[in-house]
Colleague: 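First the structure, which I've put down as structure tokens, then a few questions once you've had a look.
Just follow the structure's listing: the first ligand is 1, and inside any ligand the first atom is 1. Sequential numbering from 1 along the given sequence is applied to the chain's residues.
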Amino acid sequence: MTDQTTTARLIDGKAIAAQVVEEVREAVAQRNAQGLPLPGLAVVCVGDDPASAVYVRNKRRTTESTGMKSFSYDLPADCPEKTLLALIDELNANAEVHGILVQLPLPAQINAERVIERIDPKKDVDGFHPYNIGRLVLKMPTLRPCTPYGCMRLLRETGEDLVGKHAVIVGQSNIVGRPMALELLMARCTITVCHSKTYDLPKLIGQADIVVAGIGKPRFVEGGWLKSGAIVLDVGINRLADGKLCGDVDFETASRRASWITPVPGGVGPMTIATLLANTLEAARWQETTHQE
Ligand code: NAP
């Protein structure tokens, strides 16, 4: 058991993500040597939200670094929904494109659910399509949401046994909290999912062996709330007034209480992109097996 003065070990998301990207690069090279097509990822960005632009640039750059094909589409902020849906239809039919990612959030005139549902589930590398989420609910995962799936790899890299651990997830969004709960349940954790209406969050967090915070509020989770020795995954990415990034967990106090913790930046963020590429490879394989059936 870790005492209160212990400094947590860092879960180095940057290094683990680099390892995943390398695994993808090797698999792509092997496919190439076998004469199989290079996996292709299409990244679609609507509008000019500066945060989205940074994420999209990173995704495109990392895709190319693995030897995969990268297809880029930048649509104006006032783009009508039907134009985006027509592009998705085109990408669904394009055999060179194995994965389609539409950067969220989308402008108000576009219904994100309709867009997500239009993507062929076999090309849904974000893992947000109801088909892929449904498969995860049923413990038959296909393409899995990148951030939670990446978090599971980070947890496994600690070498800690997850079975039977109590995981408290703060946030219940479709892209972070909910799929995270499903992943942890599938790993045989006992889960508690919290949100903005949860009573006495500090008390619940104090019972957790694993805490996953995906709220979007800088340094919201205080170190003093944590059970000594807890594993902390901080999904939050918040930009402070001085331009620096911080997570949803107060790293300074939490790292004196936790046994393992992810930093921000350099924790969950890089893993999300690496997992996206692993998903694109998986999508290419899935499409090939379906063609052979
Ligand atoms: P979101 O859709 O706004 O969801 C936030 C969740 O936090 C909601 O479920 C909300 O509860 C809950 N919440 C808000 N205030 C709370 C409070 N005071 N106590 C308890 N729960 C509270 O956000 P998101 O898209 O999931 O993103 C969350 C954070 O993760 C953001 O900082 C985002 O930038 C980051 N993120 C990072 C990555 C990555 O790769 N590292 C990927 C995705 C997102 P209600 O449901 O009750 O409103």
Colleague: Within the distance-only criterion (no hydrogens, no angle test), does the side chain of His129 pair as donor or acceptor with the backbone N or O of Glu117 below 3.5 angstrom?
Modeller: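 Pair found, side chain donor or acceptor close to backbone of Glu117.
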
Colleague: Show which atoms of ligand 1 fall inside a sub-4.0 Å distance from at least one heavy-atom site of Thr272.
Modeller: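 Under 4.0 Å from Thr272, ligand 1 has these atoms: 39 (C), 40 (O).
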
Colleague: When you measure from atom 45 (P) of ligand 1 to every protein heavy atom, which one gives the shortest distance, and what is it?
Modeller: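 It is Ser196 OG, 3.5 Å.
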
Colleague: Would you say that Pro39 contacts Val28 through its side chain, given a criterion of any heavy-atom pair below 4.5 Å between the two side chains?
Modeller: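 Pro39 reaches Val28 side chain to side chain.
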
Colleague: Can you name the nearest heavy-atom pair linking Met271 to Val20, along with the distance?
Modeller: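 What the structure gives for the nearest pair is CE-CG2, 4.1 Å.
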
Colleague: Only heavy atoms count here, so choose which of Ile237, Val235, Ile205 is nearest to atom 34 (O) of ligand 1.
Modeller: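 Going through Ile237, Val235, Ile205 one by one, Ile237 has the nearest heavy atom to atom 34 (O) of ligand 1.
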
Colleague: Show which atoms of ligand 1 fall inside a sub-4.0 Å distance from at least one heavy-atom site of Gly216.
Modeller: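 Numbered from 1, ligand 1 contributes 28 (C), 29 (C), 31 (C), 32 (O).
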
Colleague: Which of the atoms of ligand 1 are close to Val176, meaning less than 4.0 Å from one of its heavy atoms?
Modeller: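 By the 4.0 Å cutoff, the relevant atoms are 26 (O), 43 (C), 44 (C).
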
Colleague: Nearest 0.5 Å, what's the CG-NZ distance between Leu84 and Lys82?
Modeller: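 It is 12.0 Å, given to the nearest 0.5 Å.
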
Colleague: Looking at OG of Ser173 and CE of Met180, how far apart are the two atoms once the value is rounded to the nearest 0.5 Å?
Modeller: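 The distance works out to 11.5 Å.
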
Colleague: In Å, rounded to the nearest 0.5 Å, how long is the span from CZ of Arg9 to CD1 of Ile231?
Modeller: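 One gets 9.0 Å once the value is rounded to the nearest 0.5 Å.
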
Colleague: For atom 20 (C) of ligand 1, find the nearest protein heavy atom and state the residue, atom name and distance (0.1 Å precision).
Modeller: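 The closest heavy atom on the protein side is His195 O, 3.2 Å.
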
Colleague: Identify, by atom number and element, the atoms of ligand 1 in contact range of Ser173, meaning under 4.0 Å from any of its heavy atoms.
Modeller: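 Listed by number with element, the hits are 2 (O), 4 (O), 9 (O), 24 (P), 26 (O).
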
Colleague: Suppose we screen for side-chain contact (heavy atoms from CB on, under 4.5 Å). Which residues come up paired with Lys217, at least two apart in sequence or across chains?
Modeller: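 Counting only residues at least two positions away or on another chain, Lys217 forms a side-chain contact (heavy atoms from CB on, under 4.5 Å) with Ile215, Phe220.
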
Colleague: Counting only heavy atoms, tell me which of Thr147, Val170, Ile215 gets closest to atom 22 (C) of ligand 1.
Modeller: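 Heavy atom nearest to atom 22 (C) of ligand 1 belongs to Ile215.
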
Colleague: If you measure every N/O of Gln172 against every N/O of ligand 1, is any gap under 3.5 Å?
Modeller: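 Right, the criterion is met.
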
Colleague: Check for me whether Cys194 has a heavy atom closer than 4.0 Å to any atom of ligand 1.
Modeller: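 Cys194: no contact with ligand 1 (<4.0 Å).
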
Colleague: Quick check against the 3.5 Å criterion: does Arg25 have a side-chain atom that pairs as donor or acceptor with the backbone of Ser65?
Modeller: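 Confirmed, Arg25 side chain pairs with Ser65 backbone.
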
Colleague: Rounded to the nearest 0.5 Å, what separation is found between the CG atom of Leu138 and the CG atom of Leu182?
Modeller: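 These two atoms lie 9.5 Å from each other.
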
Colleague: Have a look at ligand 1 and work out which part of Met271, if any, has a heavy atom under 4.0 Å from it: side chain, backbone, both or neither.
Modeller: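 Neither; nothing of Met271 gets under 4.0 Å from ligand 1.
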
Colleague: Taking 4.0 angstrom as the limit and counting only heavy atoms of Gly171, give me the atoms of ligand 1 inside it, by number and element.
Modeller: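 This gives 6 (C), 7 (O), 9 (O), 12 (C) as the contact atoms.
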
Colleague: Looking at Gly269, which atoms of ligand 1 are within less than 4.0 Å of one of its heavy atoms?
Modeller: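 This gives 40 (O), 41 (N) as the contact atoms.
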
Colleague: Would you mind listing which atoms of ligand 1 come within a distance below 4.0 Å of any non-hydrogen atom of Phe220?
Modeller: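 Counting from 1, the qualifying ligand atoms are 17 (C), 18 (N), 19 (N).
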
Colleague: Tell me, do Leu281 and Leu277 make a side-chain contact under 4.5 Å, heavy atoms counted?
Modeller: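 Of all side-chain heavy-atom pairs linking Leu277 with Leu281, none is under 4.5 Å.
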
Colleague: Would you check whether Lys217 has a nitrogen or oxygen atom less than 3.5 angstrom from a nitrogen or oxygen atom of ligand 1?
Modeller: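 Among all N and O atoms of Lys217, at least one is under 3.5 Å from an N or O of ligand 1.
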
Colleague: Which residue is it: Thr190, Thr192, Asp209? I am looking for the one with a side-chain hydrogen bond (donor to acceptor under 3.5 Å, both in side chains) to His166.
Modeller: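 Result: among Thr190, Thr192, Asp209, Thr192 is the only option passing the side-chain hydrogen bond (donor to acceptor under 3.5 Å, both in side chains) with His166.
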
Colleague: State whether the shortest distance between N or O atoms of Asp248 and N or O atoms of ligand 1 falls below 3.5 angstrom.
Modeller: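 No, since none of the N or O atoms of Asp248 sits under 3.5 Å from an N or O of ligand 1.
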
Colleague: Please work out, at 4.0 Å between heavy atoms, whether the side chain, the backbone, both, or neither of Ile175 comes within that distance of ligand 1.
Modeller: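 Under 4.0 Å from ligand 1, Ile175 contributes side-chain atoms alone.
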
